Q: 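Got a structure for you, written out below as structure tokens; questions coming shortly.
A quick note: this is a predicted structure, and the numbers were derived from the prediction, not measured.
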Amino acid sequence: MGKFQEDAKKLLENVGGKENIAAVSHCATRMRFVLNDPSKADTVAIEKIPSVKGTFTNAGQFQVIIGNEVPQFYNEFSTISGLEGVSKEQGKAAAKQNLNPIQRAISVLAEIFTPLIPALVIGGLILGFRNVLEGIPFSFLDGQKIVEVSQFWSGVNSFLWLIGEAIFQFLPVGITWSITKKMGTTQILGIVLGITLVSPQLLNAYDVASTAAADIPFWDFGFAQVSMIGYQAQVIPAMLAGFLLAYLELFFRKVIPQAVSMIFVPLFALVPTVMAAHVILGPIGWAIGSWISDIVNAGLTSSLNWLFGAVFGFMYAPLVITGLHHMTNAIDLQLIADFQSTNLWPMIALSNIAQGSAVLAVVFMHRGNKEEEQVSIPAMISCYLGVTEPAMFGINLKYVYPFVAGMIGSACAGLFATLLNVKAISIGVGGLPGILSIVPQYYLAFFGAMIIAVVVPFILTYIFRRKGIFNKLDPVDEVTGKLFVKES
């Protein structure tokens, strides 16, 4: 018998049985259901299943939080239900029937960036480690950096940039691939398109500002010249080009006879897209991306940056609930491309910590509730490592007051970090390890913000519970009849 067999059977029964499932898939931590009749799902019974850490409905899907073991759970659920053939993409397509245009746009953005997250996390860790090697002068090394006193670590630092460069400077390749994957078109064409945006033949995007206009290489077509400029680390140009490629391929599939489609569909889709990318879409996308990053950077560096930081810190957790937080990935990456750092990512990492600290307070107050601790303790650890959904949906939103306390703590930490102009050089590493992404000169300031993100939510959660503020029903000990909170 598999580890999750009994729990999978209970889940199948409590979502209304196989006949009530239009589609089922999973992501990093959750089972995702599209139900024919959502009212048939017994959420109370589902949340009592040992493997389940919470439930919620978002983007037209009924989602059940399992945690990091969701792939194994999904496999056993598929075996029991006989729904192995239902894919994640089919589930999302079915769910989109219940979404409005804005929700659909956000869903598309999420689907583009979600497959890139593993690479972004690794890239963030690598850049963070390189921060330590080449960016921090240590007193025990007489004020020198590690790479300056050790040839071994200098070599390691240089080698790791091979991976860091591949992830961040060549990011357009990942984006165009992800779009073709999401659109169901030819993925290798997406990869080729991405490479044409960052080819070594082109002037590197980072060198454009320091290169005289007369020295920028160009293609000369006789009647017109096109600048040979690369789009390293650029997000919006890659997205525009990727969608054009996908839609052209879908169009030509319909109009070109099947007998010659293998030749002419890729030809007519790829070549015009590459031309458009360098003549029209690239420059327009670059301008849009720069406009967005300039506005965000202006807000973060203005005299009212403290207000911006507080509002963003307060609202980030609700953005995660709605899925709108996926937009920040594109903004963060654009800020890094334009300014070599981002002020947003530190606040995101602090929001992770704040929600985790609210759960820590719940663990402390409800100690003795062994059943809840099976959810709360792993959720807290997950939060501190940068994944907040299990904590928010499994604990904080369940009682409300921890969620609000986490939002306020995040706002305080975000205000503090913004006032001290804390910046990150990469994204992907959240929670407590997020300090590895921070520019070394801001380590101490970010550490102070982390303390705020730990202390404030913990204290506020305790106060809100004692005063009955924002309070939903807390768990009751079935033996004593008392709340799981130790009175002082």
Side-chain angles (χ1 to χ4, degrees), residues 27-30 53-59 63 65 103 106 109-110 113-114 117 307-329 331-332 342-363 375-376 378-418 422 424 427-434 449-450 452-465 469-472:
C27 60
T29 59
R30 306 183 297 276
K53 298 177 175 57
T55 65
F56 66 101
T57 299
N58 185 44
Q63 303 192 27
I65 304 169
Q103 289 174 320
I106 297 301
L109 195 62
F113 282 98
T114 298
I117 289 176
L307 179 60
F308 187 102
V311 171
F312 185 85
F314 185 79
M315 292 303 300
Y316 185 74
L319 289 179
V320 173
I321 297 173
T322 62
L324 290 170
H325 68 297
H326 290 289
M327 293 190 301
T328 64
N329 289 329
I331 297 173
D332 267 317
T342 173
N343 300 70
L344 285 183
W345 187 257
M347 291 186 281
I348 292 173
L350 292 170
S351 179
N352 301 154
I353 296 169
Q355 289 295 323
S357 299
V359 180
L360 177 62
V362 172
V363 172
V375 176
S376 60
M380 175 192 67
I381 296 172
S382 177
C383 239
Y384 282 146
L385 294 177
V387 179
T388 56
E389 286 90 342
M392 287 198 296
F393 292 111
I395 298 296
N396 291 352
L397 284 171
K398 180 179 180 181
Y399 301 126
V400 179
Y401 66 91
F403 184 70
V404 177
M407 291 171 62
I408 296 173
S410 176
C412 295
L415 185 153
F416 181 85
T418 306
V422 176
I427 72 172
V429 184
L432 296 174
M450 290 170 67
I452 294 173
V454 171
V455 174
V456 173
F458 187 95
I459 293 175
L460 287 180
T461 300
Y462 191 80
I463 292 174
F464 288 166
R465 169 63 195 91
I469 303 174
F470 306 113
N471 190 15
K472 273 191 172 182

Q: Please name the pair of heavy atoms, one in Ala405 and one in Leu460, separated by the smallest distance, quoted to 0.1 Å.
A: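 The pair with the smallest heavy-atom distance is CB-CB, 3.8 Å.
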
Q: When rounded to the nearest 0.5 angstrom, what is the spacing between CD1 in Ile452 and SG in Cys412?
A: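 Taking CD1 in Ile452 and SG in Cys412, the distance rounds to 7.0 Å.
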
Q: Checking Ala411 now: which residues fulfil side-chain contact (heavy atoms from CB on, under 4.5 Å) with it, not counting sequence neighbours?
A: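 For Ala411 the side-chain contact (heavy atoms from CB on, under 4.5 Å) partners, ignoring immediate neighbours, are Phe314.
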
Q: In chain order, what residues pass the side-chain contact (heavy atoms from CB on, under 4.5 Å) check against Thr342, with sequence neighbours excluded?
A: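 Scan of Thr342 (side-chain contact (heavy atoms from CB on, under 4.5 Å), adjacent residues dropped) gives Asp332, Leu335, Ile336, Leu344, Trp345, Ala424, Ile427.
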
Q: Under the side-chain hydrogen bond (donor to acceptor under 3.5 Å, both in side chains) rule, collect the residues that match up with Thr55, sequence neighbours excluded.
A: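 Scan of Thr55 (side-chain hydrogen bond (donor to acceptor under 3.5 Å, both in side chains), adjacent residues dropped) gives Glu47.
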
Q: Restricting to non-hydrogen atoms, name the atom on Asn352 and the atom on Gly430 that form the minimum distance, rounded to 0.1 Å.
A: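 It is OD1-CA, 3.7 Å.
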
Q: Determine the minimum heavy-atom distance between Ala449 and Ala413, stating which atoms define it.
A: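 Closest heavy-atom pair between Ala449 and Ala413: O-CB, 3.5 Å.
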
Q: With Leu307, which residues qualify under side-chain contact (heavy atoms from CB on, under 4.5 Å), at least two apart?
A: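 Once residues adjacent in sequence are excluded, the partners of Leu307 under the side-chain contact (heavy atoms from CB on, under 4.5 Å) criterion are Val311.
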
Q: Is any side-chain heavy atom of Phe312 closer than 4.5 Å to one of Ile348?
A: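 The answer is yes, as the side chains (C-beta and beyond) meet within the 4.5 Å cut-off.
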
Q: Please give me the minimum heavy-atom distance between Ala354 and Gly406, naming the atom from each residue.
A: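 Heavy atoms only, the tightest pair is CB-O, 3.3 Å.
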
Q: Counting only pairs under 3.5 Å, give me each side-chain donor-acceptor contact of residues 355-362, with atom names and distances, residues two or more places apart or in other chains.
A:
residue: Gln355; atom: OE1; partner: Asn396; partner atom: ND2; Å: 2.7
residue: Gln355; atom: NE2; partner: Phe403; partner atom: O; Å: 3.4
residue: Ser357; atom: OG; partner: Ile353; partner atom: O; Å: 3.0
residue: Ser357; atom: OG; partner: Tyr384; partner atom: OH; Å: 2.9
residue: Ser357; atom: OG; partner: Ala453; partner atom: O; Å: 3.2

Q: Can you name the nearest heavy-atom pair linking Met347 to Thr418, along with the distance?
A: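 Minimum heavy-atom separation between Met347 and Thr418: SD-OG1, 3.5 Å.
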
Q: Considering residues at least two apart in sequence or located in another chain, which fulfil the side-chain hydrogen bond (donor to acceptor under 3.5 Å, both in side chains) criterion with Thr461?
A: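 Partners of Thr461 by the side-chain hydrogen bond (donor to acceptor under 3.5 Å, both in side chains) criterion come out as none, since no residue qualifies.
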
Q: Between Leu350 and Gly414, which heavy-atom pair has the shortest distance, and what is it?
A: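 That would be CD1-N, 4.3 Å.
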
Q: Quick one: does Phe464's side chain get under 4.5 Å of Ile408's, heavy atoms only?
A: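 Heavy-atom side-chain distance check passes, below 4.5 Å.
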
